[in-house]
Engineer: 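Can you read through this structure? Questions will come right after.
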Amino acid sequence: MARESIKNKVTITEIARQAGVSVPTVSRVVNGRSDVSPETRSRIEDLLRRHGYQRKSAAQRDRAVLIDLVFNDLDSPWAVEIIRGVEEVAHASGVGTVVSAIHNASGSARQWMTNLRTRASDGVILVTSVLEPRLHEELRRLGVPLVVVDPSGSPSLDAPTVGATNWAGGMAATEHLLGLGHRRIGFIAGPQRLLCSRARLDGYRAALEGADVAVDDALIVPGDFYHAAGFDGCNVLLDLDEPPTALFAASDQMALGAIEALRRRGLRVPEDMSVVGFDDLPEVRWSAPPLTTVRQPLADMGKLATRTVLRLAAGEEPASPRVELATELVVRASTAALAGRS
């Protein structure tokens, strides 16, 4: 009985490994697709029989497709934009979506995995969250496709990824301020664990170096993408003996927090300090003043991630294992030429 139970738990990943083919190829055979060579089909069918692989019943195949969308936190308009993109594609495809937050806590992540098994999800979109290797392996064992949006610290994660051109965006924001005559440019960083944060910082550094402006580490302060970090980081920069004349925050929310810190000190934007954000959230065009920022296509990232995970769930290969959508500098009223420069 125990041996039979083990046989029934074999996954298409293991079948693919033994057959020397890709997981999507095995999926095509399991789902009765015709686009597999007779020799390969025969080899896979033989392995499926030997392992006693249990194909889904007709009822299981006919049930609605369901995907999991997993964030670290949901208390951000940034997350709302991703959800909007995911829901647009999912709704058009007749697919259900379950949205979860795991807060980078192992207990929360394990509970999510338990819930995932119960609802037999067809795919997972993981957004800027760290998934323990053990849980990632469990997804592989279950044969659940995974797509990662803005991968955190693991570019080698064995899953397709969707991101934005964060380095180019960081460079464009800094070059904009340099072009306005600013040379002391503060930077409020995002979480160090995230690749997107490190890329934005690297773009900032590259732009300064390209303009022969020395990188002053005192002008770089840590942050976490939220308003309070922008408020606190701006105050740290303002307390320097020689404060910056311009500020680049690695998220719009931190840029808005910085603007509030300036307001409370009686300083004006952009007259006393120019401010640039990153994201182009809907709210920033209505801030006072409207925020210059780097637009990253958050909704489009959600759309692409959803199309990719649905391709994987259908046994197809992703169009590309790594996609970066273009960012764009949007100039509004929060930046101006350095005082005294026409």
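Only heavy atoms go into these numbers, but all of them, side chains included; no hydrogens, no water, no symmetry mates. We number each residue from 1, following the sequence as shown. No experiment lies behind these values; they were computed from the predicted model shown.
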Engineer: May I ask you to test the N166-E324 pair for a side-chain heavy-atom distance under 4.5 Å?
Structural biologist: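 Contact flag for N166/E324 side chains = no.
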Engineer: Does E39, at its CD atom, have more than 12 non-hydrogen atoms belonging to other residues, nucleotides or ligands within less than 6.0 Å?
Structural biologist: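 Atom CD in E39 is not crowded, with 12 or fewer foreign heavy atoms closer than 6.0 Å.
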Engineer: Nearest 0.5 angstrom please: R41 CZ to L48 CG, how far?
Structural biologist: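 The CG atom of L48 is 10.5 Å from CZ of R41, to the nearest 0.5 Å.
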Engineer: Using a strict 4.0 Å threshold on nitrogen-to-oxygen distance, state whether D272 and R265 make a salt bridge.
Structural biologist: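 So D272 does not pair with R265 through a salt bridge.
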Engineer: Counting N and O atoms only, with roles assigned by atom type, does the side chain of D122 sit under 3.5 Å from a partner on the main chain of L66, one being a donor and the other an acceptor?
Structural biologist: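 Indeed, once roles are kept as given, a pair shorter than 3.5 Å links the two residues.
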Engineer: Could you see if F278 belongs to whatever hydrophobic cluster contains M171? Use Ile, Leu, Val, Met, Phe, Trp, Tyr and a side-chain cutoff under 4.5 Å.
Structural biologist: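 No, F278 does not connect to M171 through the hydrophobic network.
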Engineer: Does the side chain of V99 come within less than 4.5 Å of I83's, by heavy atoms?
Structural biologist: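 The answer is yes; the side chains approach within 4.5 Å.
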Engineer: Is there a side-chain contact between E87 and L69 (heavy atoms, below 4.5 Å)?
Structural biologist: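 Not touching, per the 4.5 Å side-chain cut-off.
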Engineer: Look at the side chain of S42 and the backbone N and O of P38, then say whether any donor-acceptor pair between them is shorter than 3.5 Å.
Structural biologist: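 Side chain of S42 to backbone of P38, a donor-acceptor pair under 3.5 Å: no, none is there.
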Engineer: Considering all heavy atoms of both residues, which atom of A101 and which atom of N72 are nearest to each other, and what is their separation?
Structural biologist: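 Looking at all heavy atoms of both residues, the closest pair is CB-O, 3.8 Å.
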Engineer: Taking atom CD1 of I185 and atom CG of L338, what is their separation to the nearest 0.5 Å?
Structural biologist: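 It comes to 10.0 Å.
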Engineer: Carefully, step by step, assess V124 and V309 under the rule side chain to side chain contact (heavy atoms under 4.5 Å, CB included).
Structural biologist: CA-CA 7 Å; V124 172; V309 82; 5.8 Å; no
Engineer: What are the two closest non-hydrogen atoms of R119 and S100, and how far apart are they?
Structural biologist: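 Where R119 meets S100 most closely, the heavy atoms are NH2-OG, 4.2 Å.
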Engineer: Short question: side chain of S93, backbone of V95 - any donor-acceptor pair under 3.5 Å?
Structural biologist: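 Such a contact is absent between S93 side chain and V95 backbone.
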Engineer: Answer yes or no: is there a side-chain heavy-atom contact under 4.5 Å between V29 and E45?
Structural biologist: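 Touching, per the 4.5 Å side-chain cut-off.
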Engineer: For H176 and T335, test the side chains for any donor-to-acceptor distance below 3.5 angstrom and give the result as yes or no.
Structural biologist: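 Side-chain D/A pair, H176 to T335: present.
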Engineer: Taking atom CD1 of I67 and atom OG1 of T97, what is their separation to the nearest 0.5 Å?
Structural biologist: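 With rounding to 0.5 Å, CD1 (I67) is 4.5 Å from OG1 (T97).
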Engineer: Given the rule in the side chain to side chain contact (heavy atoms under 4.5 Å, CB included) test, do L312 and V147 qualify, once you have shown the distances and angles that lead to the verdict?
Structural biologist: CA-CA 9 Å; L312 294 172; V147 175; 3.9 Å; yes
Engineer: Just checking, is any N or O donor in the side chain of E260 or H227 under 3.5 Å from an acceptor N or O on the other one?
Structural biologist: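 No donor-acceptor contact under 3.5 Å links the two side chains.
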Engineer: So does A246 get a backbone contact from the side chain of R184, meaning a donor-acceptor N/O pair under 3.5 Å?
Structural biologist: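 Side chain of R184 to backbone of A246, a donor-acceptor pair under 3.5 Å: no, none is there.
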Engineer: With a 4.5 Å cut-off on side-chain heavy atoms, are T40 and V21 touching?
Structural biologist: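 Sidechains of T40 and V21: in contact.
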Engineer: Rounded at 0.5 Å granularity, tell me how far CG in D232 sits from CG in L237.
Structural biologist: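 Separation between the atoms: 11.0 Å.
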Engineer: Less than 4.5 Å apart, any side-chain heavy atom of I125 and any of V149?
Structural biologist: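 Sidechains of V149 and I125: in contact.
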Engineer: If I compare all heavy atoms of P160 with all of T308, which pair ends up nearest, and what's the gap?
Structural biologist: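 Shortest heavy-atom contact: CB-CG2, 4.1 Å.
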Engineer: Which pair of non-hydrogen atoms, one from T292 and one from S334, has the smallest distance, and what is that distance?
Structural biologist: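 Of all heavy-atom pairs spanning T292 and S334, the closest is N-OG, 2.8 Å.
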Engineer: Is a salt bridge present between D300 and R295, judged by a nitrogen-to-oxygen distance below 4.0 Å?
Structural biologist: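 No salt bridge links D300 with R295.
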Engineer: Assess whether side chain to side chain contact (heavy atoms under 4.5 Å, CB included) is satisfied between F231 and R264, documenting all intermediate values.
Structural biologist: CA-CA 10 Å; F231 182 88; R264 293 193 188 185; 3.8 Å; yes
Engineer: T165 side chain to T327 main-chain N or O, any donor-acceptor pair under 3.5 Å?
Structural biologist: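 A pair under 3.5 Å: yes.
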Engineer: For a 4.5 angstrom cut-off between non-hydrogen side-chain atoms, does D252 reach W78?
Structural biologist: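 Of all side-chain heavy-atom pairs linking W78 with D252, none is under 4.5 Å.
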Engineer: Between E88 and R84, is there a salt bridge with N-O shorter than 4.0 Å?
Structural biologist: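 No salt bridge links R84 with E88.
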Engineer: In terms of side-chain heavy atoms, does S197 have a donor or acceptor partner in Q192 at a distance below 3.5 Å?
Structural biologist: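 Per modelled atom types, S197 and Q192 side chains form no pair under 3.5 Å.
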Engineer: Determine the minimum heavy-atom distance between A249 and A255, stating which atoms define it.
Structural biologist: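 Scanning both residues completely, I find the closest heavy atoms to be CB-N, 3.5 Å.
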Engineer: Between R332 and D280, does the salt bridge (Lys or Arg N to Asp or Glu O under 4.0 Å) criterion hold? Intermediate values first, please.
Structural biologist: CA-CA 11 Å; R332 297 193 181 99; D280 196 26; 3.0 Å; yes
Engineer: Would you find a donor on one side and an acceptor on the other, under 3.5 Å apart, between the side chain of D279 and the backbone of L281?
Structural biologist: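 No; judged by distance alone, with no hydrogens or angles, the pair does not exist.
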Engineer: If you compare all heavy atoms of F225 against all heavy atoms of G190, which two are closest, and at what distance to 0.1 Å?
Structural biologist: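 In this case the closest contact between F225 and G190 is CE2-CA, 3.4 Å.
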Engineer: Using a 4.5 Å cut-off on heavy atoms from C-beta on, say whether the side chain of M273 contacts that of T245.
Structural biologist: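 Side chain of T245 against side chain of M273, heavy atoms only: no contact under 4.5 Å found.
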Engineer: To the nearest 0.5 Å, how far apart are CD1 in I102 and OG in S108?
Structural biologist: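 Going from CD1 on I102 over to OG on S108, the span is 6.5 Å.
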Engineer: Tell me whether L256 shares a hydrophobic cluster with V330, the cluster being built from Ile, Leu, Val, Met, Phe, Trp, Tyr side chains joined at under 4.5 Å.
Structural biologist: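 Different clusters: L256 never reaches V330 through Ile, Leu, Val, Met, Phe, Trp or Tyr contacts under 4.5 Å.
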Engineer: Look only at the side chain of S287 and the backbone of E283, and say whether a donor-acceptor pair between them is shorter than 3.5 Å.
Structural biologist: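 Pair absent, no side-chain N/O of S287 close to backbone of E283.
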Engineer: Whether the side chain of T174 engages the backbone of A207 through a donor-acceptor N/O pair (distance < 3.5 Å, no angle test) should be reported.
Structural biologist: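 Such a contact is absent between T174 side chain and A207 backbone.
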Engineer: With no hydrogens and no angle check, is any side-chain donor or acceptor of S274 less than 3.5 Å from a backbone partner on A336?
Structural biologist: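 Looks like yes, one N/O pair under 3.5 Å.
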Engineer: Assigning hydrophobic clusters by single linkage (Ile, Leu, Val, Met, Phe, Trp, Tyr; side-chain heavy-atom cutoff under 4.5 Å), is L194 placed with W167?
Structural biologist: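 Looking at the clustering, W167 is in a separate group from L194.
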Engineer: Would L267 and L291 show up in the same hydrophobic cluster when neighbours are defined by side-chain heavy atoms closer than 4.5 Å?
Structural biologist: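 Same cluster: L267 reaches L291 through Ile, Leu, Val, Met, Phe, Trp or Tyr contacts under 4.5 Å.
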Engineer: Less than 4.0 Å between a side-chain N and a carboxylate O, is that true for D46 and R43?
Structural biologist: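 Salt bridge between R43 and D46, a charged N being under 4.0 Å from a carboxylate O: no.
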Engineer: Are V86 and V80 linked, directly or through other ILVMFWY residues, by side chains that come within less than 4.5 angstrom of each other?
Structural biologist: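 Per the 4.5 Å side-chain linkage, V86 and V80 are not co-clustered.
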Engineer: Rounded at 0.5 Å granularity, tell me how far CG in L247 sits from CG in L262.
Structural biologist: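 Result: 7.5 Å between the selected atoms.
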Engineer: Examine the side chains of W112 and D68 and answer whether a donor and an acceptor come within less than 3.5 Å of each other.
Structural biologist: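 Short answer, yes.
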Engineer: Between F248 and Y204, how do the two ring planes meet: parallel, tilted or perpendicular, split at 30° and 60°?
Structural biologist: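 Rings of F248 and Y204: tilted, 30 to 60°.
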Engineer: Are the side chain of R183 and the backbone of L178 linked by a donor-acceptor contact shorter than 3.5 Å?
Structural biologist: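 Yes.
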